[in-house]
Amino acid sequence: MKQKLYLALLICLAALFLTACAEEEPEILISDTITRDSLQFEIPKGFILKEDRSTETVFYYESELHEFSKVIYEKLDNDGSFENLTAETSVHAIKEYAKETYLAKTRPEVVFEERTEINGHPAYQYIIAYNLYDAPMTHSHCYIEDGEVIHHIEYIGVEEEGYDASFALYFNEIRMD
């Protein structure tokens with residue numbers, strides 16, 4: 001009888017351990033909708049516009065804690081080069097920035113790339129992933145051609161800061177009116 005009781009107790013403890021170790025579902029953060037002209041995109045609540053880094057055509061949003069995760073919106077003049085946009089330009093820029101700013105060698109990789117449409121407007125989306133001092137980073141870019149303007153949204157996420165799942169959802173829900 002004792003053996004059955006010990007076995008049942010062991011099974012219960014194992015079940016509790018497995019439940020505690022199971023991966024939690026990533027949290028999707030409540031967001032604010034940002035509207036720029038006919039474009040709408042989401043940013044996590046608590047992210048604030050950084051006036052000192054923003055201009056008339058570039059808007060930087062970062063968390064109240066000034067973490068590394070950011071959302072950047074740029075309004076670019078459409079000079080006809082939309083079809084020539086490539087993720088490799090960003091890969092090179094990330095390598096150079098990490099080297100100059102953090103004295104770090106990085107190996108950014110394009111993990112997603114697609115030419116698509118968003119509400120009838122040509123769009124180019126790509127995601128670059130890399131590690132910066134063992135911190136997994138992602139840069140999600142979306143360019144949308146809109147007449148004489150190209151809208152560019154970039155979500156920069158550091159995995160440890162907990163924005164990745166939200167940024168991924170927001171990235172897939174960018175829309176034009």
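Just so it is clear, the values below take in all heavy atoms, side chains as well, and ignore hydrogens, waters and symmetry mates.
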ask   = Would a hydrophobic clustering, with Ile, Leu, Val, Met, Phe, Trp and Tyr connected at side-chain separations under 4.5 Å, put F171 with V110?
value = no
Heavy-atom check, side chain of L49 versus side chain of S54, under 4.5 Å = yes
task = Check whether any side-chain heavy atom of E117 lies under 4.5 Å from a side-chain heavy atom of E145, and answer yes or no.
result = no
ask   = So, the side chain of T106 versus the backbone of P108: is there a donor-acceptor pair under 3.5 Å, distance only?
value = no
query = Can you list the steps and then say if S140 with F167 is a side-chain contact (heavy atoms from CB on, under 4.5 Å)?
reply = CA-CA 8 Å; S140 303; F167 282 169; 5.7 Å; no
query = Counting N and O atoms only, with roles assigned by atom type, does the side chain of S38 sit under 3.5 Å from a partner on the main chain of D177, one being a donor and the other an acceptor?
reply = no
query = Does Y126 have its ring centroid less than 6.0 Å away from the ring centroid of Y124?
reply = yes
task = Please indicate whether E148 has more than 12 foreign heavy atoms, meaning atoms of other residues, nucleotides or ligands, lying under 6.0 Å from its CD.
result = no
ask   = For the rings on Y163 and F47, is their centre-to-centre separation under 6.0 Å?
value = yes
task = Mind running side-chain contact (heavy atoms from CB on, under 4.5 Å) on I118 and C142 for me, showing each step along the way?
result = CA-CA 10 Å; I118 295 178; C142 180; 3.8 Å; yes
ask   = H152 and Y73: side-chain donor and acceptor closer than 3.5 Å?
value = no
query = Does the side chain to side chain donor-acceptor pair (under 3.5 Å) test come out yes or no for T33 and Q40, once each step is laid out?
reply = CA-CA 7 Å; T33 300; Q40 291 185 343; 6.0 Å; no
message = Would the distance check show the side chain of Y130 and the main-chain N or O of H139 forming a donor-acceptor pair, the cut-off being under 3.5 Å?
response = no
inquiry  = How about CZ on R107, more than 12 heavy atoms from neighbouring residues, nucleotides or ligands closer than 6.0 Å, or not?
reply    = no
query = Is I94 linked to L85 within one hydrophobic cluster, defined over Ile, Leu, Val, Met, Phe, Trp and Tyr using a side-chain heavy-atom separation of less than 4.5 Å?
reply = yes
More than 12 heavy atoms from other groups under 6.0 Å of CG on N172 = yes
note = Which of L39, D146, T116 passes side-chain contact (heavy atoms from CB on, under 4.5 Å) with H121? Answer is D146
task = Verify side chain to side chain donor-acceptor pair (under 3.5 Å) between E88 and H92, making sure each step is shown before the conclusion.
result = CA-CA 6 Å; E88 290 306 315; H92 180 70; over 6 Å; no
ask   = Under 6.0 Å from the CD atom of E109, do we count more than 12 heavy atoms belonging to anything else shown?
value = no
key: Close side-chain approach of F68 to E161, heavy-atom, < 4.5 Å   = yes
key: Flag, side chain of N119 to backbone of M176, donor-acceptor distance under 3.5 Å   = yes
ask   = If you count the non-hydrogen atoms of other residues, nucleotides and ligands that lie under 6.0 Å from CZ in F112, is the total more than 12?
value = yes
query = Is there a side-chain contact between E74 and I153 (heavy atoms, below 4.5 Å)?
reply = no
query = Is there a donor-acceptor pair closer than 3.5 Å between any side-chain N or O of H141 and the backbone N or O of Q125?
reply = no
ask   = Under 3.5 Å, is there a donor-acceptor pair between the side chain of N78 and the main chain of G147?
value = yes
task = Say whether, by atom type as modelled, one donor and one acceptor occur between the side chain of D79 and the main chain of S81 under 3.5 angstrom.
result = yes
query = Short question: side chain of S69, backbone of V158 - any donor-acceptor pair under 3.5 Å?
reply = yes
message = Do E62 and V71 have side chains that approach each other closer than 4.5 Å (heavy atoms only, starting at C-beta)?
response = no
CG/D134: more than 12 non-hydrogen atoms of other groups inside 6.0 Å = no
query = Quick one: hydrophobic cluster around I30, which other residues, with the 4.5 Å side-chain cut-off, linked directly or via members?
reply = none
task = Please tell me if the side chains of T138 and I128 come closer than 4.5 Å, counting only heavy atoms from C-beta onward.
result = no
inquiry  = Tell me if the centroids of the rings in Y170 and F41 come within less than 6.0 Å of each other.
reply    = no
